[in-house]
Amino acid sequence: MAFVVTESCIACKYTDCVSVCPMDCFYEGPNFLVIDPDECIDCSICVGECPVNAIVEEREISPDQAHFVQINRDLSHDPRWKRISRSKAPLPEHEAWAKVKDKLHLMEQV
Ligand code: SF4
Ligand code: F3S
């Protein structure tokens, strides 16, 4: 089991989560982050850091977000997605996108 980054991160990418992770197991794409499930130790520290509640435990993920389990696994092993350990500024339109649902089509893989 592991924690999973879900849809609300897309186009926001606050990155508050990465600075608290003891395993440095977040990986960054252009407008989304993922967690490597093989590196995550289930500490849950990152959950409360995300302003848009994007991080959930795999066993508690809602059915409409279940596809993000595989997305996190696949993209965290994509060599084009790089490990990120330090927080930085969120994406410019983060406030507007924070309230939007059904954003998967906006996710840029590279
Ligand atoms: Fe990192 Fe812990 Fe969050 Fe897993 S649950 S991504 S180890 S902070
Ligand atoms: Fe994304 Fe939330 Fe982290 S928006 S980058 S999961 S703090």
Side-chain angles (χ1 to χ4, degrees):
M1 287 298 158
F3 282 71
V4 178
V5 183
T6 62
E7 186 165 51
S8 56
C9 178
I10 296 172
C12 294
K13 205 170 78 169
Y14 283 91
T15 76
D16 299 33
C17 52
V18 306
S19 62
V20 300
C21 179
M23 302 303 289
D24 290 340
C25 56
F26 283 89
Y27 290 78
E28 181 180 24
N31 65 357
F32 186 55
L33 293 192
V34 291
I35 293 169
D36 183 339
D38 298 326
E39 296 179 339
C40 176
I41 58 169
D42 289 352
C43 72
S44 82
I45 296 172
C46 57
V47 172
E49 298 297 315
C50 179
V52 289
N53 302 314
I55 304 171
V56 298
E57 211 276 330
E58 184 177 338
R59 281 173 300 197
E60 296 173 355
I61 200 164
S62 60
D64 70 322
Q65 298 291 298
H67 48 295
F68 279 92
V69 173
Q70 194 64 46
I71 288 171
N72 276 245
R73 178 171 291 282
D74 290 346
L75 292 177
S76 63
H77 292 106
D78 185 323
R80 296 169 299 183
W81 283 51
K82 303 301 181 191
R83 190 186 300 274
I84 174 172
S85 304
R86 289 191 183 169
S87 300
K88 59 185 184 183
L91 292 175
E93 305 294 329
H94 63 95
E95 284 186 24
W97 287 115
K99 300 178 181 66
V100 177
K101 297 199 181 304
D102 298 326
K103 298 187 285 185
L104 181 57
H105 64 288
L106 298 173
M107 190 176 73
E108 300 168 33
Q109 296 208 1
V110 286

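Residues: numbered from 1 along the sequence shown. Quick caveat, the model's predicted, so the values are computed rather than measured. Whatever order the structure lists ligands and atoms in, that order sets their numbers, starting from 1.
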Please check: side-chain N/O of [X] versus main-chain N/O of [Y], any donor-acceptor pairing under 3.5 Å?
| X | Y | answer |
| --- | --- | --- |
| Asp36 | Ser76 | no |
| Thr15 | Lys88 | yes |
| Arg83 | Asp24 | yes |
| Lys103 | Ala98 | no |

Students should be able to answer this: which protein heavy-atom is nearest to [atom], and at what distance?
| atom | answer |
| --- | --- |
| atom 1 (Fe) of ligand 2 | Cys9 SG, 2.4 Å |
| atom 3 (Fe) of ligand 2 | Cys17 SG, 2.3 Å |
| atom 5 (S) of ligand 2 | Thr15 N, 3.1 Å |

- For ligand 1, which atoms, with element, lie under 4.0 Å from some heavy atom of Ser44? 2 (Fe), 5 (S)
For the residue pair [X] and [Y], what are the closest heavy atoms and their distance?
| X | Y | result |
| --- | --- | --- |
| Phe3 | Ser44 | CZ-CB, 3.5 Å |
| Ile71 | Met107 | CG2-CE, 4.1 Å |
| Lys13 | Asn31 | CD-C, 3.9 Å |

- Please test Ile35 against Ile55 for side-chain contact (heavy atoms from CB on, under 4.5 Å), starting from the C-alpha separation and ending with a verdict. CA-CA 9 Å; Ile35 293 169; Ile55 304 171; 4.1 Å; yes
- Task: Start with the C-alpha gap between Cys46 and Cys21, add the side-chain angles, then the distance that decides, and say whether side-chain contact (heavy atoms from CB on, under 4.5 Å) holds.
- Result: CA-CA 6 Å; Cys46 57; Cys21 179; 5.5 Å; no
- Can you list, by chain and residue number, the protein N, O or S atoms under 2.8 Å from atom 1 (Fe) of ligand 1? Cys21 SG
- Cys50 near atom 3 (Fe) of ligand 2: N/O/S under 2.8 Å: no
- Residues Val34, Phe26; criterion side-chain contact (heavy atoms from CB on, under 4.5 Å); working and verdict: CA-CA 6 Å; Val34 291; Phe26 283 89; over 6 Å; no
- Ligand-side contact atoms (ligand 2) for residue partner Asp16, heavy atom cut-off under 4.0 Å: 7 (S)
- Message: Please list, in number order, the atoms of ligand 2 under 4.0 Å from a heavy atom of Leu33.
- Response: 5 (S)
- Could you see which bit of Val52 sits under 4.0 Å from ligand 2, with heavy atoms only: side chain, backbone, both or neither? side chain
